[in-house]
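Sequence lines set the chain letters: A, B, ... in the order given, protein chains first and strands last, and positions in each chain run from 1.
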Amino acid sequence: MTDQHLIDNLNQRGLLTQISAEAELIEHLGSQCCTVYCGFDPTADSLHIGSLVPLLALRRFQEAGHRPIALAGGATGMIGDPSFKSNERKLNTAEVTAQWTAKIKDQLSRFIDFDCGENSALVVNNLDWTAGKDVLTFLRDIGKHFSVNAMIQKESVKQRIEREGEGISYTEFSYMILQAYDFAMLNEMHDCTLQIGGSDQWGNITAGIDLTRRLNQQQVYGLTLPLVTKADGGKFGKTEEGTIWLDPKRTSVYAFYQFWINTADADVYNFLKYFTFLDIEEIEAIEEADKAAQGRPEAQSILAREATRLVHGEEGLAGAQRISDALFSGDISTLTEGDFGQLKQDGMPSSRLESSTLVDALVQTDLAKSNKMAREFIGNGAVLVNGKKVSDPAANLDWNQAFFGKFFLLKRGKKLFHLGYCE
RNA sequence: GGAGGGGUUCCCGAGUGGUCAAAGGGAUCAGACUGUAAAUCUGACGCGUAAGCUUCGGUGGUUCAAAUCCACCCCCCUCCA
C-alpha cells in the first residue's frame, strides 16, 4: 500500500483535477485501507464511456489496496443532477429508473473485484437508504445543515440561476443534498472516507464532506477526475451513430474498438493515460517510438486493444480485431466463406438483404438515412460493393456476383461497413 | 394570482402575410489530400427520380396566400405577490 505512489500516479496521468486537504488525504490513504466511493446515476440502461474514467479510477484505488464502493444512483437518478447542465431534465418513471439501476449495478460489478479480502468491492444503491426517509425528517435532520445561500453560490448551478432563459426546479436544486447524504450514509455504514467523481461533481462532493462533518463528526475527503475533452474541442464519446456505450447490445464491440482506433493523435497519449493501466513509462516510450517512426502511430491500436480488453474482455477484443483486420488491412476478396460467417459471429453489423436495388440496400442497412442520401453517396463515389466502387444510383444487387452467392460487403465512406446476406 | 418576454429544421439563432424548405453559425456526413489522425479545400445536410409533399409548441380560424394575423390551449423564462 504505497499511497504517495497512488496520488503521484494519478497526478502523472493527468487524472487529478481537484483534491480536498491534499496533505491530510495522502497521509490518510497511506495509513490504512480506506473506503472510496463513486456514484453512477442511471440516465439510461447502460453506462457510456464518459463514466469510464471514474470507473477505472475506482479500480486504481482498489489495486492500491483500498476498498471501492460503486454506487448506483437509484434515488439520485430519479431527480437528475443539474451540475453544469444547461437545461432541466425530464424525469423518468420509478419503474424505468429501477430497471436501469439494476443494469448499471450489473455493469459496475464487472470493473471491480469482489473477492480479494479486506478490500473487496461493494456495490450499493442509494435508494436503499433514501426510499424510506419521510419528508419531514429529511428536511429537519438533513436540510437544516444546508444553507441555500451557500448552495446557490456553487459554480455547478450558477449558470442555471443566472443565465437568462434557463431555470432550475426545486427538485434538481435538491440533488446536491441527496448526494451529500449518500456520502454521510456511506461514511456511517461502511466507514467510507473518500468520494471521487468527475470534476463536475466537485460541488456535490464538498457538500457531502461538509454534511458528514456535521452529521457524523467525521473528516472525509474528496477528489475529482478530469472530464475528458478532445483537442479539437468536439464532444468526447460521440460519433455519427451516437454515444459510445459500454453495453455491447448498444455499441458493438467492433464499434467500440473502432472508436478508439479513430482517436486523434493530439489526444491519444492522454487517453492512454486515462483509459489504460499501462505504466506511465510505457506510455511515454510508445510516444517516443511513434515520434521516431514518423508515419502512422502505434498508439491508437494499443489504446483500442487495452480499452476494449478492459470493457469487453479478451474474447470481445479478438472478435473486434478480426473484423478490423478483415475490413481495413486485408484484401477482402481473399476471405473465405467461413471468414464471413465468423465476421457475422463477431458482431460485425450485418443483416439479411430484402431488396434488389443498391439504394434500398443502403437504406435498409442504415448506411444511408434516406433514398436521397443513398443516391448522393453513390453519386459521390462513396459506396463500395464487395470492394468495387459503384457510382450508378440505379444499380442493382446481383446475387450472382455476391461472394459465395450470398454475401455483399457494403461500404459507405471510409469506415462504415455492413455485411448483407441472403437467407 | 398579476405584469411582461419567449417556444423556428440536430444545436444556437435570423425571419413578423407572398420573393421561405426557411439567412447565418456550429455539429454531422461525403469527396479530394492523408495514416481508419489533424488541418485545409469542395459539396451535402426535411422527404420525394421528379412533378410535388410535409415542417416553424398544439388545436381551430381569417386570407387567393401564414413560421408570420386572430382565438383558445400547453410549456419555458423574468419581475411582482
Side-chain angles (χ1 to χ4, degrees), chain A residues 82 85-91 157 159-173 229-244 254-272 286-287 289-305 307-308 320-332 348-349 357-360 362-363 365-384 387 389-396 409-418:
Chain A
K85 304 266 174 13
S86 57
N87 303 106
E88 182 84 10
R89 307 223 247 143
K90 53 176 190 296
L91 296 173
V157 293
Q159 60 165 325
R160 289 282 288 280
I161 291 168
E162 289 175 358
R163 188 184 160 195
E164 181 85 12
E166 300 295 342
I168 182 167
S169 66
Y170 184 72
T171 306
E172 283 197 9
F173 187 58
T229 55
K230 295 201 298 176
D232 66 5
K235 269 208 186 81
F236 170 74
K238 303 256 189 219
T239 67
E240 188 203 5
E241 273 59 51
T243 306
I244 304 295
Y254 161 72
F256 185 88
Y257 179 86
Q258 282 292 319
F259 169 79
W260 297 106
I261 285 284
N262 283 298
T263 304
D265 292 3
D267 293 316
V268 72
Y269 304 102
N270 283 336
F271 287 7
L272 280 169
I286 293 166
E287 187 166 1
D290 281 344
K291 226 181 263 172
Q294 300 290 329
R296 188 181 175 177
E298 283 295 301
Q300 278 86 348
S301 60
I302 297 170
L303 173 64
R305 187 183 70 213
T308 306
Q321 283 178 326
R322 274 195 296 272
I323 300 175
S324 299
D325 287 349
L327 297 183
F328 291 98
S329 38
D331 176 0
I332 53 164
M348 159 137 191
T357 71
L358 180 53
V359 166
D360 284 349
L362 290 174
V363 173
T365 56
D366 277 335
L367 290 176
K369 282 197 204 85
S370 62
N371 293 2
K372 198 180 174 180
M373 281 294 172
R375 284 194 191 90
E376 192 193 318
F377 287 137
I378 297 171
N380 280 345
V383 176
L384 271 70
K389 187 181 287 184
V390 177
S391 46
D392 174 13
N396 286 304
L409 184 65
L410 303 174
K411 180 182 186 189
R412 185 216 85 196
K414 265 177 288 194
K415 311 172 191 173
L416 221 48
F417 291 88
H418 194 102

Asks: Please report the distance, rounded to the nearest Å, between CD in A/Q321 and P in B/U36.
Replies: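 Going from CD in A/Q321 over to P in B/U36 covers 17 Å.
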Asks: Could you tell me whether A/E172 and A/R160 have a side-chain N and a carboxylate O separated by less than 4.0 Å?
Replies: yes
Asks: Roughly how many Å is it from CG in A/D290 to P in B/G35, rounded to a whole number?
Replies: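 Whole-Å distance recorded here is 15 Å.
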Asks: Give the rounded distance in Å between these two atoms: CD of A/Q300 and C1' of B/G35.
Replies: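 In whole Å, B/G35 C1' lies 9 Å from A/Q300 CD.
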Asks: Expressed in angstrom and rounded to an integer, what is the separation of A/I168 atom CD1 from B/U78 atom C1'?
Replies: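 It works out to 16 Å between those atoms.
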Asks: More 5' along RNA chain B: A/G295 or A/G413, using each one's nearest nucleotide?
Replies: A/G413
Asks: Whom does B/G4 pair with, Watson-Crick or G-U wobble, provided both distances fall under 3.5 Å?
Replies: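 B/C77 - that is the nucleotide pairing with B/G4, both distances being under 3.5 Å.
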Asks: Return the nearest nucleotide to the side chain of A/A264; candidates are B/U36, B/A38, B/G48.
Replies: B/A38
Asks: Can you check the A/K85 NZ to B/C76 P distance for me, whole Å?
Replies: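 Answer to the nearest Å: 20 Å.
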Asks: Can you see which heavy atom on A/W260 is nearest to which on A/A304, and at what distance?
Replies: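 Heavy atoms only, the tightest pair is CB-CA, 3.5 Å.
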Asks: If we take the P atom in both B/C79 and B/G24, what is their distance in whole Å?
Replies: 36 Å
Asks: So if I take every side-chain heavy atom of A/P297 and compare against B/G35, B/A37, B/U36, which nucleotide ends up nearest?
Replies: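 Of B/G35, B/A37, B/U36, B/G35 is nearest to the side chain of A/P297.
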Asks: Reckon A/P393 touches a base, only the sugar-phosphate, or nothing at all at heavy-atom distances under 4.0 Å?
Replies: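 Touches nothing.
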Asks: Give me the distance, rounded to whole Å, that separates B/G7 from B/G15 when you measure between the C1' atoms they each carry.
Replies: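 Result for the C1' pair: 15 Å, nearest Å.
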Asks: Suppose we define a pair by two distances each less than 3.5 Å, Watson-Crick or G-U wobble; what does B/A21 pair with here?
Replies: none
Asks: Reckon A/R375 has a side-chain N or O less than 4.0 Å from the OP1 or OP2 of B/U49?
Replies: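 The answer is yes; a side-chain N or O of A/R375 sits under 4.0 Å from OP1 or OP2.
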Asks: Tell me the interatomic distance from A/K411, atom NZ, to B/C29, atom P, rounded to whole angstroms.
Replies: 16 Å
Asks: Of the options B/A44, B/G35, B/U36, whose atoms approach the side-chain atoms of A/I261 most closely?
Replies: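 So the nucleotide nearest the side chain must be B/U36.
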Asks: Starting at atom NZ of A/K369, determine the distance to atom P of B/U9, rounded to an integer number of angstrom.
Replies: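 Taking NZ of A/K369 and P of B/U9, I get 16 Å after rounding.
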Asks: Taking only side-chain N and O atoms of A/K415, does any of them lie within less than 4.0 angstrom of OP1 or OP2 on B/G35?
Replies: no
Asks: Which heavy atom of A/K415 sits nearest a heavy atom of A/Y254, and at what distance?
Replies: O-OH, 4.1 Å
Asks: Please give the distance between the P atoms of B/C73 and B/G4 as a whole number of Å.
Replies: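 That atom pair is separated by 16 Å.
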Asks: Of the nucleotides B/C45, B/A37, B/U34, which one has an atom closest to the side chain of A/K414?
Replies: B/U34
Asks: Return the minimal non-hydrogen interatomic distance between A/I332 and A/G387, and the atom names on each side.
Replies: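 Distance-wise, the nearest heavy atoms are CD1-N, 3.6 Å.
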Asks: Whom does B/A51 pair with, Watson-Crick or G-U wobble, provided both distances fall under 3.5 Å?
Replies: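 The answer is none; no pair meets the criterion.
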Asks: Mind checking A/D267 for me? I need base, sugar-phosphate or nothing, with any heavy atom below 4.0 Å counting as a touch.
Replies: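 The residue A/D267 makes no contact with any strand.
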Asks: For a quick test of reading the model, state the closest non-hydrogen atom pair linking A/R375 to A/P393 and the distance between them.
Replies: CG-CB, 4.1 Å
Asks: Which base sits across from B/G60 as a Watson-Crick or G-U pair, both distances under 3.5 Å?
Replies: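 Checking every strand shown, B/G60 finds its partner in B/C70, with both distances under 3.5 Å.
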Asks: So which heavy atom on A/M348 is nearest to which on A/F417, and how close?
Replies: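 Minimum heavy-atom separation between A/M348 and A/F417: CE-CB, 3.6 Å.
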Asks: Given side chain to side chain contact (heavy atoms under 4.5 Å, CB included), test A/D265 with A/Q300 step by step and report yes or no.
Replies: CA-CA 8 Å; A/D265 292 3; A/Q300 278 86 348; 2.9 Å; yes
Asks: Would you check if A/I261 and A/S301 make a side-chain contact, meaning some heavy-atom pair closer than 4.5 Å?
Replies: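 In contact.
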Asks: Counting just side-chain N and O atoms, does A/R412 come under 4.0 Å of either OP1 or OP2 of B/A30?
Replies: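 True: A/R412 side-chain N/O within range (under 4.0 Å) of B/A30 OP1/OP2.
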Asks: For B/G43, what is the paired nucleotide under Watson-Crick or G-U wobble rules, both distances under 3.5 Å?
Replies: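 Because both required distances fall under 3.5 Å, B/G43 counts as paired with B/C29.
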Asks: Counting only Watson-Crick or G-U wobble pairs whose two distances fall under 3.5 Å, which nucleotide matches B/A37?
Replies: none
Asks: Using atom C1' in both nucleotides, what's the gap between B/A27 and B/A71 to the nearest angstrom?
Replies: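 To the nearest whole Å, 39 Å.
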Asks: Between B/A14 and B/C47, how far apart are the C1' atoms? Round to whole Å, please.
Replies: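 One C1' to the other, the span is 24 Å.
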Asks: Which part of the nucleic acid does A/E88 contact within heavy-atom distance under 4.0 Å: base, sugar-phosphate only, or nothing?
Replies: nothing
Asks: A/D265 has a side chain; which of B/G35, B/A44, B/U49 sits nearest to it?
Replies: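 Nucleotide nearest to A/D265's side chain: B/G35.
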Asks: Starting at NZ of A/K372 and ending at C1' of B/G52, how long is that distance when rounded to a whole Å?
Replies: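 About 12 Å, once rounded to whole Å.
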Asks: Using a 4.0 Å heavy-atom cut-off, does A/F377 contact any base of the nucleic acid, only the sugar-phosphate backbone, or nothing at all?
Replies: sugar-phosphate
Asks: Respond yes when some side-chain nitrogen or oxygen of A/S370 is under 4.0 Å from OP1 or OP2 of B/G48, and no when none is.
Replies: yes
Asks: Under 4.0 angstrom, heavy atoms only, what part of the nucleic acid is A/A382 near: base, sugar-phosphate, or nothing?
Replies: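 Answer is sugar-phosphate: A/A382 comes under 4.0 Å of backbone atoms only.
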